[in-house]
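All remarks here apply to the structure that follows.
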There are 2 protein chains.
Amino acid sequence: MEEAEKVTHRRGYGVSTVYETLRNEIIELKLAPGSPIDEQQLSDRFSLSRTPIREALVRLSADGLITTLTNRATIVSNIDFLGLSEFFDALTLMYRVTTRLGALNRTTDDIARIRDLQKDFALAVAERDVLGMITTNRDFHAAIAVAGKNRYYVDLFTRLLDEGRRILRLYYSSFNDVLPRQYVGEHEDMIQAIINRDADAADHLATAHADQIVRQIRSYIATDGRQNTDLKI
Amino acid sequence: MEEAEKVTHRRGYGVSTVYETLRNEIIELKLAPGSPIDEQQLSDRFSLSRTPIREALVRLSADGLITTLTNRATIVSNIDFLGLSEFFDALTLMYRVTTRLGALNRTTDDIARIRDLQKDFALAVAERDVLGMITTNRDFHAAIAVAGKNRYYVDLFTRLLDEGRRILRLYYSSFNDVLPRQYVGEHEDMIQAIINRDADAADHLATAHADQIVRQIRSYIATDGRQNTDLKI
DNA sequence: TGTATTTTATTTGTCGACAAAGACCCTTTG
DNA sequence: CAAAGGGTCTTTGTCGACAAATAAAATACA
């Protein structure tokens with residue numbers, strides 16, 4: 001069933017392996033929201049004692065990806081459908097501010113990186129690789145944020161983007177290829193604004209892009225009804 | 001020299017005690033930036049084994065308050081004078097957005113809380129209690145952010161405010177009582193805008209307030225020269 | 001049959017011990 | 001006299017074990 005990754009870890013690097021592996025599995029919904037986390041099991045899986053496993057879990061907890069109830073179980077954090085407007089509000093603001101700063105502070109190296117990632121995204125869209133689209137889209141916007149050179153925005157934005165990845169994965173089966181194609185064009189426009197150092201244009205495009213994404217996610221949720229799974233009364 | 005806090009902890013709550021204690025000591029500069037953290041020593045001090053101490057340190061590390069070099073020492077994070085403009089930029093944006101949302105989403109309970117904290121701040125100013133001013137000012141703005149009801153903004157803003165507390169503590173001896181008095185008045189105006197649900201006025205006042213604070217901190221730093229301590233070439 | 005209460009089992013938090021990694025100090029050597 | 005090498009000491013990361021806390025099961029009781 002489960003593949004055991006029998007790796008002998010270099011002292012001090014086991015924790016980060018566990019952290020990154022679990023982080024990915026949570027964001028990619030390989031670990032379902034709400035599902036319990038068994039320390040013993042992880043201990044066996046990574047052939048590490050429970051101490052480093054626990055340390056990785058503390059880190060994930062700080063990221064808000066897992067929830068620990070003291071002296072009781074620790075579970076993968078649920079997706080908070082009730083707080084979605086807060087999420088969208090913050091996401092939109094971060095889209096705007098990072099793209100704006102990207103236009104102002106980008107170097108030519110930044111542009112090269114952003115273009116590469118846009119290429120990846122366009123490829124994923126062309127191949128109708130929905131899961132690839134989700135991750136490459138995230139990386140594209142994260143790169144713009146990095147070009148903006150403000151670590152506080154980068155931190156918050158990547159957190160929001162990853163939270164968004166979880167949500168999108170829930171609905172990726174509802175994707176059609178119409179809107180993603182539009183995204184490719186919007187991305188191109190943003191890149192052009194960033195190259196031109198046109199902060200206002202970048203801001204404007206980012207706002208429209210964010211609104212577009214928010215509207216789409218909202219429509220997925222509306223037509224699905226799954227959002228009530230959390231509302232057990 | 002050091003007071004030993006001989007407390008027997010209820011199972012599962014030792015970590016949070018250590019975390020909160022150290023967190024405060026770091027923010028209040030009782031632990032100097034750059035100073036090494038001795039796990040053994042903390043273990044003795046809190047009468048806990050190194051395991052829960054370590055867990056608390058991981059949490060602090062996630063907050064960016066300490067820096068751990070794998071297999072080497074762990075130190076209290078340095079104040080990053082080189083990245084101050086990023087800090088001020090993010091701080092100003094969060095001042096604006098939280099005050100704006102505070103005006104839009106506040107309840108009457110929120111207003112009561114905010115008023116209480118403003119009273120505390122005014123008292124600290126009246127008594128020329130500089131350290132008290134720093135913390136009550138932080139609590140005041142944090143309460144406005146909470147009234148804004150967006151946890152992403154609250155998280156980032158409190159992080160920024162606490163980072164600001166560390167910086168202000170460095171210069172608190174340079175405080176005079178002129179500007180703080182001005183802050184009291186600015187706070188009152190902000191409260192009024194929040195009560196009136198006047199988001200634009202709140203935004204405008206927050207911007208001015210933030211600019212004021214940023215300008216003051218900048219002037220402290222300029223007249224001090226201590227900022228070069230990190231620039232060892 | 002349904003609800004307390006005790007018993008058992010599982011899981012979590014903490015401990016002390018140990019070994020790897022690095023810091024420190026001293027000597028050697030070019 | 002500086003750099004390299006070697007030995008010792010300290011600190012960090014990991015381990016296995018144990019006990020407290022809770023969950024689950026079993027039993028008693030109305």
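Just so it is clear, the values below take in all heavy atoms, side chains as well, and ignore hydrogens, waters and symmetry mates. Chain letters run A, B, ... following the sequence lines, proteins first and then strands; every chain starts at 1. All values reported here derive from a predicted model rather than from experimental measurement.
In this structure, His9(B) places its NE2 atom 16 Å from P of dA20(D), rounding to the nearest Å. In this structure, Ile53(A) places its CD1 atom 12 Å from P of dG16(D), rounding to the nearest Å. Atom C1' of nucleotide dT11(D) and atom CG of Leu57(B) are separated by 13 Å, given to the nearest angstrom. Remark: P of dT11(C) and CG of Asp44(A) are 12 Å apart, rounded to the nearest angstrom. Rounded to whole Å, the distance from CG on Asn71(A) to C1' on dA23(D) is 12 Å. Protein atom CG of Leu42(B) is 10 Å distant from nucleotide atom P of dT12(D), rounded to whole Å. Residue Arg11(A) contributes atom CZ, which lies 10 Å from atom P of dT12(D) at whole-angstrom precision. Here the C1' atom of nucleotide dT14(C) and the CG atom of Leu48(B) are 8 Å apart, to the nearest Å.
In terms of phosphate contacts, Ser49(B) brings no side-chain nitrogen or oxygen within less than 4.0 Å of OP1 or OP2 of dT14(C). Close to dA23(D), at under 4.0 Å from its OP1 or OP2, lies a side-chain N or O of Arg72(A). For Thr51(A) and dT14(D), the shortest distance from a side-chain N or O to OP1 or OP2 is not below 4.0 Å.
Residues passing the side chain to side chain donor-acceptor pair (under 3.5 Å) test with Asp38(B): none are found, sequence neighbours excluded.
Toward the 5′ end of DNA chain D lies the nearest nucleotide of Arg50(B), the other residue of the pair Arg10(B) and Arg50(B) mapping further downstream.
Listed by first and then second residue, the ring pair (Phe, Tyr, Trp, His ring centres under 6.0 Å) pairs that reach into residues 93-120 of chain B are Tyr95(B)-His141(B), Tyr95(B)-Phe157(B), Tyr95(B)-His209(B), sequence neighbours excluded.
Surrounding CZ of Arg115(B) are at most 12 heavy atoms belonging to other residues, nucleotides or ligands under 6.0 Å away.
No side-chain N or O of Asn71(B) forms a donor-acceptor pair with one of Tyr13(A) less than 3.5 Å apart.
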